[in-house]
Amino acid sequence: MADLYLKSLEAERRQLWATCRLKGLAKDTPERLRIAELDRLLAEHRDAKKAGKAPEAAKPADKAGDPPKA
């Protein structure tokens with residue numbers, strides 16, 4: 001199964017990077033800061049995947065009717 005979270009992060013990063021190159025944006029612009037954030041998220045996701053556990057953003061939320069886990 002494809003990792004859709006990873007693919008969406010990579011796609012957003014590629015699109016932003018292309019925009020930054022085209023416009024020649026400086027390092028302190030919101031687009032470049034988002035790229036840095038995406039790089040961090042990608043690294044965390046890959047590290048968690050190597051460790052064999054799902055990262056926080058990819059974990060399914062608990063159902064409201066489920067009892068709390070001890």
Side-chain angles (χ1 to χ4, degrees):
M1 181 84 189
D3 190 346
L4 297 178
Y5 178 72
L6 184 65
K7 286 186 178 252
S8 67
L9 289 177
E10 289 172 339
E12 182 182 356
R13 186 189 185 285
R14 279 193 305 270
Q15 186 228 358
L16 281 171
W17 187 244
T19 301
C20 290
R21 281 189 315 215
L22 183 66
K23 294 180 179 180
L25 297 178
K27 288 185 179 182
D28 60 345
T29 59
E31 291 87 350
R32 294 286 297 265
L33 295 174
R34 178 63 181 156
I35 289 171
E37 176 70 12
L38 288 170
D39 287 341
R40 185 188 62 79
L41 291 171
L42 286 165
E44 285 178 3
H45 185 75
R46 288 182 180 134
D47 290 344
K49 201 170 182 180
K50 283 182 184 178
K53 60 181 180 178
E56 294 299 320
K59 287 184 182 178
D62 289 338
K63 294 179 184 174
D66 292 344
K69 296 179 184 175

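This one's a predicted model, so the numbers in the text were calculated from it and none came from an experiment.
Scored by the side-chain contact (heavy atoms from CB on, under 4.5 Å) test, Leu6 finds Asp3, Glu10, Leu42, His45, Arg46 as partners (sequence neighbours excluded).
Of all heavy-atom pairs spanning Ala26 and Arg32, the tightest one is O-CG, 3.0 Å. The minimum heavy-atom distance linking Leu33 with Asp28 is given by the pair CD1-O, 3.9 Å.
The shortest side-chain heavy-atom distance between Leu22 and Trp17 does not fall under the 4.5 Å cut-off. Between Leu16 and Leu38 there is a side-chain heavy-atom pair separated by less than 4.5 Å.
For residues 11-24, the pairs satisfying salt bridge (charged side-chain N to carboxylate O under 4.0 Å, His left out) are Glu12-Arg34, Arg13-Asp39, with sequence neighbours left out.
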